[in-house]
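Here is the structure we will look at, set down as structure tokens.
Chain letters run A, B, ... following the sequence lines, proteins first and then strands; every chain starts at 1.
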Protein chains: 4
Amino acid sequence: MNDPRRGRPRDESCGPAILAAAIELVGEVGIAALTMDAVAARAGVGKATIYRRWSSKEALMLDAWKSAVQKPDAPDTGSLREDLRVLFAPHDQQLSGETMQRIFPQMIAAAKVNPEVGEAYREFIAERRRPMRTVLERAVGRGDLPADSDLDLVHDLLVAPILYRWMVSDGVVDDDVIERLIAIVVAGATSNLTTARR
Amino acid sequence: MNDPRRGRPRDESCGPAILAAAIELVGEVGIAALTMDAVAARAGVGKATIYRRWSSKEALMLDAWKSAVQKPDAPDTGSLREDLRVLFAPHDQQLSGETMQRIFPQMIAAAKVNPEVGEAYREFIAERRRPMRTVLERAVGRGDLPADSDLDLVHDLLVAPILYRWMVSDGVVDDDVIERLIAIVVAGATSNLTTARR
Amino acid sequence: MNDPRRGRPRDESCGPAILAAAIELVGEVGIAALTMDAVAARAGVGKATIYRRWSSKEALMLDAWKSAVQKPDAPDTGSLREDLRVLFAPHDQQLSGETMQRIFPQMIAAAKVNPEVGEAYREFIAERRRPMRTVLERAVGRGDLPADSDLDLVHDLLVAPILYRWMVSDGVVDDDVIERLIAIVVAGATSNLTTARR
Amino acid sequence: MNDPRRGRPRDESCGPAILAAAIELVGEVGIAALTMDAVAARAGVGKATIYRRWSSKEALMLDAWKSAVQKPDAPDTGSLREDLRVLFAPHDQQLSGETMQRIFPQMIAAAKVNPEVGEAYREFIAERRRPMRTVLERAVGRGDLPADSDLDLVHDLLVAPILYRWMVSDGVVDDDVIERLIAIVVAGATSNLTTARR
DNA sequence: TATTAAGCGAGACGGTACGTCACGTCTTAGG
DNA sequence: CCTAAGACGTGACGTACCGTCTCGCTTAATA
């Protein structure tokens, strides 16, 4: 009776079609005007088919967003600054789009309200942090950063200003800014080694 | 015909009552479950009275939020680090609440969609940036920071990690973290003076 | 203190202006879409000025209607049929308009709901019945109708079909119809004298 | 795409439940105080489910009214007067209620404003006229009425006074009145045969 | 002449209902 | 058991009108 192999198997093409429709529609009408009915119609799918795969609109949007943002690998050039440059480069292309700037705040808000989305959101964030964490740990190993560095803080100092400009202040984010950002943080974290903890 | 003195003047007590009701309700039921009907009922006001003052739910929430966050003054202790400590101190109390952490992302999202909210949002952000900007400019004047510093970037380096931890990563924000944050950024920005731009 | 002569006297031109505006608007937008705001705007009058004179929208509309329909006098040509022709003639012009056909049902409905309107409505109806009643009583006096006639019923037989065609069936009402109507009712009421009550 | 068999079929029990709720509520609170929300709540139905079936409050009320008034059959006793007595008898019970007296004027008014309601209203009236029309035509066939009678007028002479007393004048409608009404109209229409058209 | 009380146009007020929309679920026929 | 289609109950939306209530200003009769 409860044999999962009984009955018609799930159509594997539905999931991707739904995600694609969701991404398209967010780009077209914005995230606030996005409706499940529209996603279903665009994907040529019934609403029940969406809800069989995602528990809520927010869960779907979170997945749509994840599917649109590829996960970067940790580079290993031997130089902290160079590693950071590599890490930041794709950021520029992937997340800077209008769509992503609008989705991110919504995701944060949804994560605070819907526990299920919150869990998925935290996993997503942890995953995104890992490559830079690896880069920073290697830098500590090489002595490029002090052994007692607060790597979480250094990470946030590198990443947060970019997100801040995207989401909060509409500030400029270009190669030059990223270069200066790296310069200041690396210098500050390094000088910490000799002076600040005194 | 359009004489603003004609007709019954708007009840000056309604606006604050509505804002207060909105803030209360956000605290009680969360921002997602907030309804205009509930705000009107709580404020003892008709819905039309709200829409006469705010064009949308988001515009109301933005104002409610602004009214709940006081504007800080620029301190002038003669020391950059001390000025920053003073600036960060109240941040901790005002914005760290659950309510604010949930409202901020919503506001950002709303600002991207609703142009009217966007305008008010940008004003709010500009106003919030000004005190720290003043502090940083005084530091440049005293020679505590290089004359060619990118003050916008320094500002973002100081502010963004706090917001990031509140909104994105649920990271710790306490006096110790703020102390280390100030240390790294000031050190980085200062070392910039002698080394990085060379 | 309560001397009605104290204070600014009512502007005598307001009442007629309001009634005129109401009649105009009913003709333009229909009775269902009529609003007090529109009447006030059209009459160049504040809403309070209307409510100072009429207790409700329905009361106003009843008066507007009464003011648009003049009260007929009882003719006295010496012939029942001729008297009736005279009585019906203006009916055709006054009440047959689209406006009146739409207002009458509303008035009836309002009279069933609002007691104050009901009272005014009953007075209006009684007043409208009086001339024909007089004509019929004179006919009885002349022996044109049996002495034991049910004059209320004869009245209703004469008047009701006209209203019925206006309000219920959208039937034809022209001189020819009225002529035949009078012929049948007078003949029926007269024959009643010699045969029916036997 | 527009296959009516696709999708969940409409719940056949909703329509009658809504009509029943509407009729109940009209009886309880009157037609003016009837709200769609109340009908929906009473029927245990969403408002959208009502609007999926009726385009407006008036259209719903017209149907509710039609469903509450059964359609009479044309009797065939061989006598015109007896046929008319039979036709009038149920009238007394069905339409004389407070509810119907209040609904009818509203329906007339709605029919003048809303074209869709107007169409349904005219169908309803035509259907209600048919039995008496049949009775009158049979009377002509038997020679009980002149061959050149204006049957529409005779019909209106029989029906209109009853409606008039219900709706306009609050006059008495009992068996005695109906008897006299029939007597006068039949006598008048018959005498027409020999005298009036001369 | 100054006071005063009510009427005036304008329009904001607390309510209430409107008709629409989206949510997430449920119910068909068919694959 | 899945699928597309679409109806379902729920509940918020933003609008429109109701009849009432201020405003600042006339407009006479009273003092």
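The side chain of B/Val45 approaches E/dG14 more closely than any other nucleotide in the set E/dA17, F/dA4, E/dG14.
Atom pair D/Lys57:NZ and E/dG19:P shows a separation of 8 Å (rounding to whole Å applied). Put simply, CG on D/Asp37 is 12 Å from P on F/dA12, counting in whole angstrom units. Rounded to whole Å, the distance from CZ on B/Arg10 to C1' on E/dA10 is 13 Å. What separates CD of A/Glu12 from C1' of F/dT3 is a distance of 14 Å, to the nearest Å. As rounded to whole Å, 15 Å separates atom P of E/dT25 from atom CH2 of A/Trp54. When the C1' atom of F/dT20 is taken as reference, atom CD1 of C/Ile50 falls 14 Å away, rounded to whole Å. With rounding to whole Å, C/Met36 atom CE is found 21 Å from E/dC13 atom P. For the pair C/Tyr51 OH and F/dC21 P, the interatomic distance rounds to 13 Å; values are reported in whole Å.
For the 3.5 Å distance criterion, the side chains of D/Asp11 and D/Ser13 qualify, holding a donor opposite an acceptor.
Tested against A/Met61, the residues A/Leu19, A/Val117, A/Leu34 include a single side-chain contact (heavy atoms from CB on, under 4.5 Å) partner, A/Leu34.
Both C/Ser56 and D/Ala43 lie close to DNA chain F; mapped to their nearest nucleotides by heavy-atom distance, the more 5′-ward contact belongs to D/Ala43. In this structure, D/Thr35 and C/Ala40 both approach DNA chain E, and ranking their closest nucleotides by distance from the 5' end singles out C/Ala40. Judged by closest nucleotide on DNA chain E, D/Ala38 is the one of D/Ala38 and A/Ala38 placed further toward the 5' end.
The shortest distance between the side-chain N/O atoms of B/Thr49 and the OP1/OP2 oxygens of E/dG14 is below 4.0 Å. At least one side-chain nitrogen or oxygen of D/Arg53 sits closer than 4.0 Å to the OP1 or OP2 atom of F/dC8.
The distance from atom CG of B/Leu25 to atom CE of B/Met36, rounded to the nearest 0.5 Å, is 11.5 Å.
Checked against salt bridge (charged side-chain N to carboxylate O under 4.0 Å, His left out), C/Glu123 has no partners two or more places apart in sequence or in another chain. Contacts of C/Phe124 classified as ring-ring contact (aromatic ring centres under 6.0 Å, His included), with partners at least two apart in sequence or in another chain: C/Trp65.
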Discussion item. Using a 4.0 Å heavy-atom cut-off to protein, can you give one letter per nucleotide of nucleotides 26-31 of chain E, 5' to 3': B if the base is in contact, S if only the sugar-phosphate is, - if neither?
Written reply: BBB-BB
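Put simply, the side chain of B/Lys47 never gets that close to the backbone of B/Val39: no donor and acceptor are under 3.5 Å apart. Listed for the A/Tyr121 side chain is a donor-acceptor partner under 3.5 Å among the backbone atoms of B/Val168.
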